[in-house]
> 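Attaching a single structure in structure tokens format; questions to follow.
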Amino acid sequence: MNSNLYPSGETSVLVLQGGGALGSYQAGVYEALAEGGIGIDWVAGISIGAINAALIAGNPPERRVERLRSFWNQVTSGVTGSSWIPGDQARTAFNEFSANWAAAFGVPGFFTPRSPPAAFYPAGAREALSLYDTAALKGTLERHVDFDLLNHGPVRFSVGAVNVRTGNFVYFDNRRDQIVPEHVMASGALPPGFPPVEIDGEFYWDGGLVSNTPLDYVLDTERQRDLMIFQVDLFAASGPMPRTLIEAAEREKDIRYSSRTRLNTDKNVEIRRAKIALRNLMQRLPPDFADDENVSFLRRMAHENFLTVMQLVHRRKSYEGNSKDYEFSRMTMLEHWAAGRHDVRRSLRHRAWLERTHTDAGVAVFDLTRDARD
């Protein structure tokens, strides 16, 4: 870790939610963190977050932003400025056209419509299970990610997927798995659009089917070291009451894929209270129990770690609709990227962040851009 913003011994974690085309917001977040001298020790992602995570962990620090930019330029196309599109209605129409174009013709270096369509393949064939072919994504990942560095470098890498056969949620982690492009692709294989990905004889779909954020994995996996978590959400949990059927569909998607930050942090507060109670009880044990292996285990489990979360949330523009996660225009990508960069810069300058301290609760959550774009 190379930032003097952090207390000694704190592990910095970048948590990246799924969200398709919205993922360029995460790239902007990372660029601003790097500009601020903030090193990342661990990056965990789901779906598009898994791809961004691979681009970060699989490149040296000086090349990460370049590789992120190269990927996002490859998968987007079209105009780069919005000044010529007057008003929200015209912009909404442009975004819908762009999303429909991607749905009809695919995205370069990412996915293409299956030809012939899935219905022409026999039952049981992998090609019969999806609308699109994602073979191009493997080549894109191989060109943009150094998988040897990803597996053996200093950054921990974790991505989530769902076993199609068992329905179990699993994480692929470079601390115990040899990561290849298929692990990243599996995390983003959202049905019925994308086909399941085979790994060691099992087939996997997008982790967002079960949980669209890896925050719970990070918290469950690391209970010893203090954590500084930058949680980047592409769907906002809170939002206005919808007024139309289209707005209702968008709001449903936001709720379905949003992070359960409060649930996870409340759980950690309860765990902290349990650890305090456990330590108090162990202090009252007779001295004869000091070397008991069960007590030694409980002593390790009762160690407290402090959790700090900076929540960075992509908050919708008025012209964005239900297709925002597959609207791959270059113009919108650049807007999302700039929004992520802006939110980090603003948050790092915020007085609440600069004056933060460890509290008795053991958990501190900061969402410092809410008033800027709500």
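Predicted model, so just to flag it, every value in this text is computed and none were measured.
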> Counting heavy atoms not belonging to R243, are there more than 12 under 6.0 Å from its CZ?
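Open: at most 12 neighbouring heavy atoms sit under 6.0 Å from CZ of R243.
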
> For the atom pair CG (L129) and CZ (F203), what is the distance rounded to the nearest 0.5 Å?
8.5 Å

> Is atom CZ of R351 surrounded by more than 12 heavy atoms (other residues, nucleotides or ligands) closer than 6.0 Å?
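It does not: R351 CZ has 12 such atoms or fewer within range.
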
> In terms of hydrophobic clustering (I, L, V, M, F, W, Y; side-chain heavy atoms under 4.5 Å; direct or indirect links), are F105 and F97 co-clustered?
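Hydrophobic grouping puts F105 with F97.
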
> I'd like to know whether CZ of F289 has more than 12 heavy-atom contacts from other residues, nucleotides or ligands below 6.0 angstrom.
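No.
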
> Does E66 offer a backbone N or O that forms a donor-acceptor pair with the side chain of R69 under 3.5 Å?
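Pair absent, no side-chain N/O of R69 close to backbone of E66.
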
> So, N95 versus R91: side-chain donor-acceptor pair below 3.5 Å or not?
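The answer is yes; a qualifying pair exists.
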
> Does L131 offer a backbone N or O that forms a donor-acceptor pair with the side chain of R114 under 3.5 Å?
no

> Given side chains that start at C-beta, do those of T140 and F71 come closer than 4.5 Å, heavy atoms only?
yes

> For the side chain of S47 and the backbone of G49, is there at least one donor-acceptor N/O pair under 3.5 Å apart?
no

> Report yes if some heavy atom in the side chain of L16 is under 4.5 Å from a heavy atom in the side chain of Y30; otherwise report no.
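Result no, sub-4.5 Å side-chain heavy-atom pair not found.
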
> Under the 3.5 angstrom rule, does the side chain of R346 hit a backbone N or O of L368 as a donor-acceptor pair?
yes

> Would you check if F110 and I51 make a side-chain contact, meaning some heavy-atom pair closer than 4.5 Å?
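The answer is yes; the side chains approach within 4.5 Å.
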
> Please test D146 against R67 for salt bridge (charged side-chain N to carboxylate O under 4.0 Å, His left out), starting from the C-alpha separation and ending with a verdict.
CA-CA 11 Å; D146 180 345; R67 295 284 84 188; over 6 Å; no

> Distance-only, no hydrogens or angles: does the R64 side chain make a donor-acceptor pair with backbone N or O of I56 under 3.5 Å?
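A pair under 3.5 Å: yes.
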
> Taking E327 for its side chain and S329 for its backbone only, find out whether a donor-acceptor pair lies under 3.5 Å.
yes

> What is the distance from atom CG of N59 to atom CG of L68, rounded to the nearest 0.5 Å?
8.0 Å

> For residues E127 and P195, determine if any side-chain heavy atom of one lies less than 4.5 Å from a side-chain heavy atom of the other.
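No. Closest side-chain heavy atoms not under 4.5 Å.
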
> Do we see a donor-acceptor contact under 3.5 Å between the side chains of T369 and R315?
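Per modelled atom types, T369 and R315 side chains form a pair under 3.5 Å.
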
> For a quick check under 3.5 Å, do S12 and E10 share a side-chain donor-acceptor pair by atom type?
no

> Checking Y25 against D343 for the side-chain contact (heavy atoms from CB on, under 4.5 Å) test, could you report, in this order, the C-alpha distance in whole Å, the side-chain angles of both residues, the deciding distance, and whether it holds?
CA-CA 10 Å; Y25 176 86; D343 284 353; 2.6 Å; yes

> Does the side chain of V65 reach to within under 4.5 Å of the side chain of E35, using non-hydrogen atoms?
no

> Are V107 and Y132 packed together at the side-chain level, in the sense that at least one heavy-atom pair is separated by less than 4.5 angstrom?
no

> Is the shortest distance from a Lys or Arg side-chain nitrogen in K138 or E182 to a carboxylate oxygen in the other one below 4.0 Å?
yes

> Pair L14, L33 - check side-chain contact (heavy atoms from CB on, under 4.5 Å), show working.
CA-CA 10 Å; L14 186 60; L33 291 175; 4.0 Å; yes

> Between the side chain of D226 and the main-chain N/O of F306, is any donor-acceptor distance below 3.5 Å?
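The answer is yes, because a donor-acceptor pair under 3.5 Å joins these two groups.
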
> Just checking E62: does its CD atom have more than 12 heavy atoms from other residues, nucleotides or ligands closer to it than 6.0 angstrom?
yes

> Can you run down the side chain to side chain donor-acceptor pair (under 3.5 Å) pairs that involve residues 183-205, sequence neighbours left out, and say none if there aren't any?
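Only N163-E202, R165-E202 qualify under side chain to side chain donor-acceptor pair (under 3.5 Å).
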
> Check whether any side-chain N or O of Q17 sits under 3.5 Å from a backbone N or O of Y257 as a donor-acceptor pair, and report yes or no.
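Yes: the side chain of Q17 pairs with the backbone of Y257.
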
> If you take all heavy atoms of W42 and S158, which pair is closest and at what distance?
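So the two residues come closest at NE1-OG, 3.0 Å.
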
> Check whether any side-chain N or O of K253 sits under 3.5 Å from a backbone N or O of N322 as a donor-acceptor pair, and report yes or no.
yes

> Are there over 12 heavy-atom neighbours, none belonging to D291, within less than 6.0 Å of that residue's CG?
no

> Tell me whether the count of non-hydrogen atoms from other residues, nucleotides or ligands lying under 6.0 Å of CD1 in I246 goes above 12.
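Incorrect, the count does not exceed 12.
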
> Would you mind reporting whether F230 and I38 have side-chain heavy atoms less than 4.5 Å apart?
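Counting from C-beta outward, I38 and F230 do come under 4.5 Å.
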
> Checking D41 against T11: is there a side-chain donor and acceptor pair closer than 3.5 Å?
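T11 vs D41: no donor-acceptor pair found between side chains.
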
> Would you check if E335 and E320 make a side-chain contact, meaning some heavy-atom pair closer than 4.5 Å?
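Not touching, per the 4.5 Å side-chain cut-off.
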
> For L150, does its backbone N or O pair with a side-chain atom of N174 as donor and acceptor, under 3.5 Å?
yes

> Step by step, work out the side-chain contact (heavy atoms from CB on, under 4.5 Å) result for R356 and M310.
CA-CA 11 Å; R356 70 194 185 280; M310 177 188 284; over 6 Å; no

